[in-house]
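Accompanying notes for the structure given below.
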Amino acid sequence: MEKLKEDFFEKNAKEVARKILGKIVVRKIGERELRAKVVEAEAYFGEDDPASKASKGNGDLKKTMSMRAGIILVYGIHNNWLVNFVTGKKGKPEAILIRALEPLNFEARCNGPGLLTKALEIGKDFHKKNIYESGELFFEDSDENFEIMEDFRIGVSKDLPEKLRFYIKGNKHVSRQGTPLCKTPKIKNENRNL
DNA sequence: CATATGATGGACT
DNA sequence: GTCCATCATATGG
């Protein structure tokens with residue numbers, strides 16, 4: 001299968017989050033090549049998205065999200081690294097968060113954004129690299145067919161009134177199949193430009 | 001430098 | 001379902 005190119009990621013984050021499902025993440029570590037299928041992803045926007053830290057004046061994060069599509073964005077939270085990929089046109093702060101993977105040729109738990117970065121040995125050193133040139137982390141296309149579910153994002157305190165989380169129905173590696181926890185009410189946001 | 005704050009995960013009821 | 005250890009960042013003095 002072919003590597004996914006820039007045009008795949010240049011689209012709206014919501015669309016990319018949906019279409020990345022089923023695609024193959026390839027992580028090369030020396031002689032090893034880890035392959036895993038994306039089973040869950042979320043879309044984030046740097047502006048007009050209260051769930052995104054980039055919306056409240058986070059300089060570097062927002063700047064990175066505005067970079068060219070395909071830039072790898074690594075963000076630390078609690079004691080985990082979360083890996084994102086910049087989407088949309090250059091200048092638009094958008095990204096997708098990879099939340100869960102199905103390991104294909106290795107054994108590891110990848111049913112959560114913090115776990116998959118550990119399994120694939122992705123750390124801050126990948127921040128601002130891109131998936132075209134590094135050769136250590138990229139995506140391969142796939143034409144697998146499956147049913148896509150959508151839901152509100154997980155773990156965010158203030159979500160948009162819009163379903164921006166996508167996952168493969170029935171896949172055991174998805175972090176949560178049921179209703180995600182969303183402690184605070186969804187806020188309204190009419191002005192965003194998705 | 002000090003402090004606040006989670007895009008978490010796992011253990012537990 | 002609930003609780004909470006733990007640490008990379010952001011931000012303010």
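Bear in mind the structure is a predicted one, so any value in this text is a computation, not a measurement. Below, chains carry the letters A, B, ... as their sequence lines are ordered, and counting in each starts from 1.
The shortest distance between side-chain heavy atoms of Val86(A) and Asn130(A) does not fall below 4.5 Å.
For the pair Leu61(A) CG and dT9(C) C1', the computed distance is 10 Å after rounding to whole Å. If you take CZ of Arg109(A) and P of dG10(B), they are 5 Å apart, rounded to a whole angstrom. Straight-line distance from the NE2 atom of His78(A) to the P atom of dG10(B): 13 Å, rounded to whole Å. Counting to the nearest Å, the P atom of dA8(C) and the CG atom of Leu73(A) are 17 Å from each other. If you measure from atom CD of Glu40(A) to atom C1' of dT8(B), you get 13 Å, rounded to the nearest angstrom. Per the geometry, CD1 belonging to Ile77(A) stands 6 Å off P belonging to dT8(B), to the nearest Å. One interatomic measurement links the two molecules: CG of Leu82(A) to P of dG9(B), which rounds to 7 Å at whole-angstrom precision. In this structure, Asn79(A) places its CG atom 14 Å from C1' of dT9(C), rounding to the nearest Å.
Across every strand in view, dT6(C) sits unpaired, with no contact that passes the Watson-Crick or G-U test at under 3.5 angstrom. Using the Watson-Crick or G-U wobble rule with both distances under 3.5 Å, dG13(C) pairs with nothing in any strand shown.
A side chain to side chain contact (heavy atoms under 4.5 Å, CB included) with Phe166(A) holds for exactly one of Val39(A), Leu21(A), Val38(A), Val16(A); it is Leu21(A).
Asn80(A) and Lys118(A) are linked by a side-chain donor-acceptor pair at a separation below 3.5 angstrom, with hydrogens and angles left out of the test.
OP1 and OP2 of dG9(B) both lie 4.0 Å or more from every side-chain N or O belonging to Lys118(A).
Ile29(A) and Val25(A) fall within a single hydrophobic cluster, where Ile, Leu, Val, Met, Phe, Trp and Tyr side chains are chained together by heavy-atom contacts under 4.5 Å.
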